[in-house]
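Shown next, in structure tokens, is the structure this report addresses.
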Amino acid sequence: MQRLEQKKLLTIITAGELESMLIAAMTKRGIGGYTIVQARGAGASGIQSGMLEGDTNILIYVIISEARLVSVLDDLEMLMKRGHRLKAIVSDIAILPRK
């Protein structure tokens with residue numbers, strides 16, 4: 001049986017218009033793997049129906065090492081301080097590594 005590798009799963013919930021900015025920030029940090037899906041729902045900022053371009057949220061999933069996570073969270077915090085609306089959720093995960 002192969003050993004599982006411990007990683008972090010970073011889930012970012014944000015407005016669709018921030019997608020290219022976030023991808024550029026992650027690319028700058030050497031992160032090339034992520035998954036993006038459109039999302040609908042309701043929260044503190046109201047209902048996000050996905051019916052209009054400015055009314056679309058996305059979920060970005062990134063499997064990342066703890067060492068890289070710190071710098072990405074710093075980038076996200078800076079965006080939040082500039083007034084951008086986003087949530088960052090970090091989970092401990094174990095993955096079957098590619099070998």
Side-chain angles (χ1 to χ4, degrees):
M1 181 172 150
Q2 284 190 319
R3 301 197 110 217
L4 295 175
E5 188 175 337
Q6 301 302 307
K7 293 283 187 176
K8 300 291 185 180
L9 174 62
L10 172 61
T11 303
I12 303 167
I13 306 169
T14 192
E17 57 263 15
L18 292 181
E19 180 178 337
S20 59
M21 183 187 309
L22 290 170
I23 298 309
M26 287 190 291
T27 301
K28 181 182 83 176
R29 298 287 185 188
I31 298 165
Y34 52 84
T35 300
I36 301 174
V37 295
Q38 288 192 349
R40 297 185 316 253
S45 59
I47 295 175
Q48 301 296 310
S49 67
M51 300 296 281
L52 303 171
E53 188 171 321
D55 186 34
T56 301
N57 274 355
I58 57 172
L59 295 171
I60 304 174
Y61 298 103
V62 185
I63 296 173
I64 191 170
S65 68
E66 190 163 0
R68 281 200 172 148
L69 175 66
V70 173
S71 60
V72 172
L73 290 177
D74 288 343
D75 292 343
L76 295 177
E77 185 176 28
M78 188 179 310
L79 289 172
M80 292 171 74
K81 286 180 179 177
R82 290 185 194 157
H84 293 291
R85 182 180 47 86
L86 62 91
K87 294 283 185 199
I89 303 156
V90 178
S91 306
D92 293 318
I93 62 170
I95 64 169
L96 190 60
R98 287 187 285 168
K99 299 243 173 171

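Worth saying up front: this structure is predicted, and the values here are computed from it rather than measured. Values below: all heavy atoms of this structure, side chains included; hydrogens, waters and symmetry mates excluded. Along the sequence shown, the residues carry numbers beginning at 1.
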Same cluster (ILVMFWY, side-chain, under 4.5 Å), [X] and [Y]:
X: Ile64; Y: Tyr61; value: no
X: Ile31; Y: Leu79; value: yes
X: Leu86; Y: Val90; value: yes
X: Val72; Y: Ile89; value: no

Can you give each donor-acceptor pair under 3.5 Å made by side-chain atoms of residues 8-16, sequence neighbours left out, with the distance rounded to 0.1 Å?
residue : atom : partner : partner atom : Å
Lys8    : NZ   : Asp92   : OD1          : 2.2
Thr14   : OG1  : Arg85   : O            : 2.9

Revision key, fill the gap. Rounding to 0.5 Å, atoms CE (Met80) and NZ (Lys87) come to a distance of 6.5 Å

Exercise for review: To the nearest 0.5 angstrom, please state how far the CD1 atom of Ile60 sits from the CD atom of Glu19.
Suggested key: 6.5 Å

Point to revise | Option passing side chain to side chain contact (heavy atoms under 4.5 Å, CB included) with Ile36 (candidates Val62, Leu22, Ile58) | key: Ile58

Exercise for review: List in chain and number order the residues that pass side-chain contact (heavy atoms from CB on, under 4.5 Å) with Ile95, two or more places apart in sequence or in another chain; answer none if no residue qualifies.
Suggested key: Glu5, Lys7, Ile63, Ile93

Exercise for review: Using side-chain contact (heavy atoms from CB on, under 4.5 Å) as the criterion, list what pairs up with Gln6, not counting sequence neighbours.
Suggested key: Ala94

Review point. Can you find a pair of side-chain heavy atoms, one from Val70 and one from Leu73, that are under 4.5 Å apart?
Key: no

